[in-house]
Number of protein chains: 2
Amino acid sequence: METQPATDDLTREVVDLMAGLVALFHREYEEAAAARSLTGAQAKVLALLRRGPMPMRHIAQTLSCEPSNITGIVDRLELRGFVTREADPQDRRVKLVAATEAGQDASAELRESLNFAREPLAALGEDERRTLRDLLQRMLTGATL
Amino acid sequence: METQPATDDLTREVVDLMAGLVALFHREYEEAAAARSLTGAQAKVLALLRRGPMPMRHIAQTLSCEPSNITGIVDRLELRGFVTREADPQDRRVKLVAATEAGQDASAELRESLNFAREPLAALGEDERRTLRDLLQRMLTGATL
DNA sequence: CTGAAAGGTTGAGTTACTGAAGCAACCGTG
DNA sequence: CACGGTTGCTTCAGTAACTCAACCTTTCAG
């Protein structure tokens, strides 16, 4: 197996860069969450609830993990008063997890702090951000989110 | 951090997109690691060792975590024969962690599988990838990696 | 030589996760 | 309607990742 076509090198390069960006972003996300005494997983669940209450099952599917895992995370969020569990009137097996006022505030705050502290983005001008946005959009449409 | 103007919609949009990309990338990375019976943390350490042996302390700093954490991760990697701990002749307090043949193979394999499976990137043409690479490079230079 | 500092490990404790087992509510078939 | 299977969630091990404090060894400064 010899050298590979140039396109592969370019792809590899972009993948490595994205890995770096992902690591950086991830670290800052954890830090921002920790600053509000939330863990990353808890913050992710809270972020999911921004659009409204959601069955535990749906949370587990979105985060690609076992439902039993969500039980624990929601337990801790509930203990801190960030979410509530309500029975779904349509199907009493289902528990709808909803963010409380405090939960929504924490989540919104965290999101704002991310927008603000995102240093790497500051290196780009407005046109470049626009280009980046378009490229990212292209990459993410069709992906399972 | 300097004062910034009110968060503009464009920045917020890009941040949200990056969050999506990060989630996607992260999930696939974990899956690729799991397929080789490695955890994400173990894969990260192995990836770090691609350039050569490294003191535990340096690993901890790079991954932004406590040294005692690295002890456990390296323990498990060592148990599986993916790394070795060697005493540094220069400073006998230091333990140099080095990837074994098997460790390097596993790490290289994982990296290749990432290049290959990176579906989102397939949505972009070569020119666009080049543009993306340049933008990412700009964002990452100066960042602590 | 002595004491402070640095590298690593150990131990306790929390969180995040998986997988199996269990309970309760829902539903399709007879 | 009743019964058996499925679905949604919880509980219970068990592992990994992580933090923090305490500790040992080696290094180094005075």
Side-chain angles (χ1 to χ4, degrees), chain A residues 23 26-49 53-80 82-98, chain B residues 23 26-49 53-80 82-98:
Chain A
H26 206 260
R27 193 155 73 217
E28 293 197 16
Y29 188 83
E30 294 282 337
E31 279 169 16
R36 285 150 188 83
S37 58
L38 286 172
T39 66
Q42 288 166 3
K44 275 182 213 157
V45 169
L46 269 187
L48 273 187
L49 298 177
M54 186 180 282
M56 319 252 326
R57 175 131 197 86
H58 196 322
I59 300 178
Q61 281 170 343
T62 308
L63 298 187
S64 302
C65 68
E66 300 298 317
S68 63
N69 186 16
I70 302 301
T71 299
I73 297 174
V74 169
D75 278 353
R76 282 160 224 127
L77 283 174
E78 197 176 21
L79 214 63
R80 291 167 165 275
F82 285 143
V83 304
T84 58
R85 270 186 250 237
E86 298 160 15
D88 184 346
Q90 310 299 303
D91 183 342
R92 278 179 303 174
R93 290 171 302 182
V94 173
K95 301 216 177 137
L96 292 172
V97 184
Chain B
H26 205 261
R27 193 155 72 216
E28 294 198 15
Y29 188 84
E30 293 283 338
E31 279 169 16
R36 285 152 188 81
S37 58
L38 285 172
T39 65
Q42 288 166 2
K44 275 182 213 156
V45 169
L46 270 188
L48 272 187
L49 298 178
M54 186 180 281
M56 320 251 329
R57 176 132 194 84
H58 196 320
I59 300 178
Q61 281 170 340
T62 308
L63 298 187
S64 302
C65 69
E66 299 299 317
S68 62
N69 187 15
I70 303 300
T71 298
I73 297 174
V74 168
D75 278 353
R76 284 161 222 126
L77 282 174
E78 198 176 19
L79 215 63
R80 291 166 166 275
F82 284 143
V83 304
T84 58
R85 271 185 248 238
E86 297 159 17
D88 184 347
Q90 311 298 303
D91 183 340
R92 277 179 305 175
R93 289 172 302 182
V94 172
K95 301 215 176 136
L96 293 172
V97 184

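Heavy-atom basis, side chains included; hydrogens, waters and symmetry copies ignored. Per chain, numbering begins at 1; letters A, B, ... match sequence-line order.
- Along DNA chain C, the nucleotide nearest Pro67(A) and the nucleotide nearest Pro67(B) are compared for position; the residue whose nucleotide lies closer to the 5' end is Pro67(B).
- The heavy-atom pair separating Arg27(B) from Thr62(A) by the smallest distance is NH1-O, 3.7 Å.
- Between Gln90(A) and dA25(C), a side-chain N or O to OP1/OP2 separation shorter than 4.0 Å is absent.
- At dT11(D), none of the side-chain N or O atoms of Ser68(A) fall inside 4.0 Å of OP1 or OP2 (strictly under the cut-off).
- The side chain of Glu66(B) lies closest to dT19(D) when the candidates are dA17(D), dG8(C), dT19(D).
- When distances are taken from the side chain of Arg57(B) to each of dG7(C), dA16(C), dT18(C), the shortest belongs to dG7(C).
- Remark: Arg93(A) is not in phosphate contact with dC26(C), judged by side-chain N or O atoms under 4.0 Å from OP1 or OP2.
- Residue Gln42(B) contributes atom CD, which lies 14 Å from atom P of dT15(D) at whole-angstrom precision.
- Taking 4.0 angstrom as the limit, Lys95(B) places a side-chain polar atom (N or O) nearer than this to OP1 or OP2 of dT9(C).
- Side-chain atoms of Arg92(B) do not come within 3.5 Å of backbone N or O of Asp88(B) as any donor-acceptor pair.
- In this structure, the CD1 atom of Ile59(A) is 13 Å from the P atom of dG8(D), given to the nearest Å.
- When the C1' atom of dG7(C) is taken as reference, atom CD of Gln61(B) falls 11 Å away, rounded to whole Å.
- Counting atom types as modelled, Arg92(A) pairs no side-chain N or O with a base atom of dA25(C) as donor and acceptor under 3.5 Å.
- Scanning all heavy atoms of the two residues, the minimum distance from Ala41(A) to Ile73(A) falls at CB-CD1, 3.8 Å.
- Not one side-chain nitrogen or oxygen of Arg85(A) sits closer than 4.0 Å to the OP1 or OP2 atom of dC9(D).
- Between the CD atom of Glu78(A) and the C1' atom of dT10(D) there is a distance of 13 Å, given to the nearest Å.
- Taking atom CG of residue Asn69(A) and atom P of nucleotide dA20(C), one finds them 16 Å apart after rounding to whole Å.
- Proximity of Leu38(A) to Phe82(A): side-chain heavy atoms (C-beta onward) are separated by under 4.5 Å at one or more points.
- Per the geometry, CD1 belonging to Ile70(A) stands 10 Å off P belonging to dT10(D), to the nearest Å.
- Among the protein residues, Ile73(A) comes within range of the sugar-phosphate backbone only, with heavy atoms under 4.0 Å from sugar or phosphate atoms but none that close to a base.
- Atom CG in Asp91(A) sits about 6 Å away from atom P in dC27(C), given to the nearest Å.
- With rounding to whole Å, Leu96(B) atom CG is found 13 Å from dG7(C) atom P.
- For Ala41(A) and Asp75(B), each mapped to the nucleotide of DNA chain C holding its nearest heavy atom, the one lying further toward the 5' end belongs to Asp75(B).
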Self-check item: Lys95(B)/Glu86(B) under salt bridge (Lys or Arg N to Asp or Glu O under 4.0 Å): CA gap, chis, key distance, verdict
Solution: CA-CA 5 Å; Lys95(B) 301 215 176 136; Glu86(B) 297 159 17; over 6 Å; no
